[in-house]
Amino acid sequence: MLRATLKSLLARKLRLVLSGLAVVLGVMFVSGSFVLTDTLSRSFDKVFGDVYALTDVGVSAAPKLDVGEMDGETAPATLPAAVVERVRAVPGVASATGLVAADGARVIGADGKVLQSFGPPRLGENWTGENELLQLRSGRGPQADDEIALNADAAARAGLAVGDSVGVLTLAPKQQFTLVGTFGYSGGRDSLGGSQEVMFTTPVAQRLMLGEPGVFTEITVTAADGVAPAELRDDIAAALGAGFQVRTGEQLAEDSAAGLQEGLSFFTRILLGFAAVALFVGIFLILNTFSIIVAQRTRELALLRALGANRRQVIGSVLVEALVIGFVAAILGLAAGVGAGAALAWAFGTFGAGGLQLAGVGLPMSAVVSAFAVGVVVTVVAAVLPAIRASRIPPVAALQEVATPDRPLTAISVAGALVTAAGGAGLALGMAQESLTLLFGGVLTVFIGVALLTPLVSRPVVGALGRLFAWSVPGRLGRLNSGRNPRRTAITAAALMVGIALVTGVTVVMDSAKSSLAAQAEDAIKAEVMISGEQTGPRPPTFDAAVLERAAAVPGVRAVAGVWNDVAEVGGELQYVNAADDLARLADVYGATAATGSLATLRPDQAVLSTDEAAERGLAVGATMTVQLAKGEERTYTVAGTYADGDLPGSILLPAAAAADFGIAQPVLGFVRLADGATVASVLPAVSALVADSPEVSAIDRSAFIEQQTAGFDQVITMIQILLGLAILIAVLGVVNTLALSVLERTRELGLLRAVGLGRAQTMRMITVEAVVIAVFGALLGVVVGAGLGWAMVEGLSSEGIDKLVLPWQQMGVYLGLAALVGVVAAVVPSIRAARLNVLGAIAHE
Amino acid sequence: MTAQSQAAAARADDVWKVYGTGEAGVTALRGVSLSVGRGRFTAIMGPSGSGKSTLMHCLAGLDTVTRGEVFVGDTRVSGLGDKALTRLRRDKIGFIFQQFNLLPTLTAEENIRLPLDIAGRKADPQWWDTVIATVGLADRLRHRPAQLSGGQQQRVACARALVGRPEVIFADEPTGNLDSRSGAEVLGFLRDSVRAHGQTIVMVTHDPVAASYADRVVFLADGALVSELDDPTAEDVLDTMKHLDVLVGAA
């Protein structure tokens, strides 16, 4: 039995390739994700290992707030210079150097724009000379207060050379420096993991990066000969007493790497989510392929049954075939995944993080295990149904013409309705309980249900779609062929549906959210001009607070209010908080009124909340909450008032005094209200001139501001479109597969058509129409299901302020158009095959 | 051109057909010359492997000849490209195969109209009615092939071949898959279309009874034309078949 299976498998190599390809792609995505994150994580481990290689012991003050990697850099706590002396006095210390290193040193490049970072920090540091890690490439280290050195990668990307005058934004407004040196790192590296490093003299670094003279963020200690780092660590800790973090170099490297791992694992989870979707689509394709295979092998299987094979053996024969395909595909997918992961890691290292030196590409166990588990399990699961169907073939079928009558669609349609309903319930429950797992499960279940309903829908819809092509004979034949096997058409189309439905659903939600927020902002914001910048990293760009005062002095301006932003620990949880320079002015400029309490200027111990935030925290006017900011001690604020969501920026507003303890104590937003009779056109140029020194922000009018603040939604849509492209690619393979097998099945028919005068071009057109009809049908289903899912989500999110349903007609049209194109592309190879058929051979084809 | 060749609906001149090359080559036709008279019902007979199907395929432009020339009407078939061959089949030739003559997705009527539709031509309504009435399918036109009996399916195929009034109809064992009664119906219908409407038909068969419906039977053995009969009876045909060995020897 096994030998018969394997022989039959090898006899149909094309089939093997087509059904295997879907699994290969899915496995590639999964194992590629693991390889990529494994490579990156080991590369970053090495970076941190190098950074701390020269440190035997590091001393720092415990940060007030430990911010996760996804929310930006942790603001360092400072150590007074006296601590350096105390450390130096500890026996066994060979040297102790005070270091300054803080995020937020933004270099202005030769093009006048701030050098961007998409994650790695932009560190401002004090120059402590060369060492084994850090080596000058050109020039020298900074010696005067107006000199800096830059790491080679940052200098190159900014287009700067030694001798150039460079503007740098720090806690202080823009200052000009002379670039006196560039430096690199051991191993010929131009940057460490993409970080930008600006070296100042120590006093300048302290003033500009920490805002305080005579303080450091860290003390790096080397041990005297024969003193073990761990021992020295304990000695220093004992000498300094409580309130300090004393760690060995190794510990420091591990701790730093651990923070990054968190970000990487988030990244892995996203990639794996998309891999799951791709595999889900792959299941449709494999299921379909095996169904066709079983249909084609009806006589062969019936003959086996007639010769005495029992049902279990028939099931076994199909499952063994699946197992072999799954296994081979897993190996190929794993190999492709390693390649893809390595290529992506290389791309990330080269383009993303400016010269991240990659650790060698490895093969993590997780990639191997997941490749085989996913490849084999998915294939076998997808083959179970066709296998059971195969076992039901009666032996007598071997003797009959292969004319399996169309089975009625009642049972499958009822099942489809039930599954869809169950999926819908899961979706609703997931939304109510805010459980992402339930939500995702619900969506997938809906897809399965709709896929089961698809054969029923396919008859009328495919018929109607096909009528568009009915003007020519090949078109009509193609249309009839696509309606011929509703189950096969349905499952092929359903595979395409999944990807397109997800993209459409996300687009509906994002567009709805974007336009709801835009409309609310349009309604809520009374200010006519804003000072703000596009956010590219974890935090929005900031500008000099003095700009606010100067803007207020511009003729035609009635009032200006500034908003500061940071992450803080509120009642024990991390969340974004804002601070206003003057709440009363902000309320006036923004156009807000209090829901409860008042929005008068806050006393230093008062805060206001949005009504939702207040409800969630169970706080009313007069209640208190504790807040730990990036710096300073934990403080208690009394709720002075509440405002409707969206009436003021953010959900927690702290007084002006709090802003001084923010990680970057500079405003992120400025709102300008015009005096009566002044126009935006007359004021904008003057305000723009004020922020000329802060290239990251600009003065813009209200509509541009709303566009800028909602730009993130479009980025999410684009990202999801790209990631779901793989699922759609697999679905296209499904269309190719179905067509190729249909052409094979209908060889004699094609021969007949050619014999009675159908030309080659007409034959190709017939196949193309069939493909286009199937693809457009799938896209139509996807758009409809996606719009439905999007609508359901928007309904569920209405309490979150998304109150407008926006259907992206244009994009939906584009998806349909693309699907038609997909159909044409998918038909190329099968139609050429069909057109090349030898007429005589085709007619005689068994 | 002689007067006779002008009257021919299809003609083979010293046609050779060799499959494969060198020592492995199999010669299916050895210098066959045949002229099919216009308005005549010609049967090609011979035992299995005699080359009768090959001859028909070459005459119909479905297969290429190794040497010699083939004409359908005035058109020289040998040397035509795929496009011209397709047009030739579409406009000048009708086909009836042994089985699998119809597209399962189309109704009987659509199947009959298929060649005309492909060519973008309209059926002559009078001729259409005549054909439909003759094949007796008026009440079955909306049926799909799966709903028709084997005989009915073959009659649909005959109607499809006839309705375009081709230069010549090639029928390859058209009754091979039918019981004798359905077969007789189809054969009678083919003969009537020759007698009443002057249609030219070439039929390949190995059944002496089927051959007896033809005006002329040519016998093929071992790839060569060895004998022929005019207006034969089934017995005449059977007799000739029995003596084919002798005839081959004589040739």
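Every chain is numbered from 1, with letters handed out A, B, ... down the list of sequences.
Of the atoms belonging to B/D82, it is side-chain heavy atoms, and not backbone ones, that fall under 4.5 Å from chain A. Using a 4.5 Å cut-off between heavy atoms, A/R746 makes no contact with chain B at all. In this structure, the portion of B/R160 lying under 4.5 Å from any heavy atom of chain A is its side chain and not its backbone.
In this structure, CG on B/N111 lies 8.0 Å from CG on A/L752, to the nearest 0.5 angstrom.
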Carefully, step by step, assess A/R760 and B/K83 under the rule side-chain contact (heavy atoms from CB on, under 4.5 Å).
CA-CA 8 Å; A/R760 280 194 171 142; B/K83 231 179 201 159; over 6 Å; no
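Open room surrounds CZ on A/R836; 12 or fewer heavy atoms of other groups in view lie less than 6.0 Å from it. Around atom NE2 of B/H143, more than 12 heavy atoms belonging to other residues, nucleotides or ligands sit under 6.0 Å away.
The side-chain heavy atoms of B/L106 and A/L477, taken from C-beta on, include a pair separated by under 4.5 Å. For the pair A/L758/B/R90, no side-chain contact is recorded, criterion being any heavy-atom separation below 4.5 Å from C-beta on. Here the side chains of B/L114 and A/L753 are in contact, with some heavy-atom distance below 4.5 Å. When side chains are defined from C-beta on, B/T86 counts as touching A/R754, because their heavy atoms get closer than 4.5 Å.
Taking every heavy atom of both residues into account, B/L62 and A/A755 meet most closely at CD2-CB, 4.4 Å.
For B/R155, the side chain to side chain donor-acceptor pair (under 3.5 Å) test picks out B/E185, with sequence neighbours left out.
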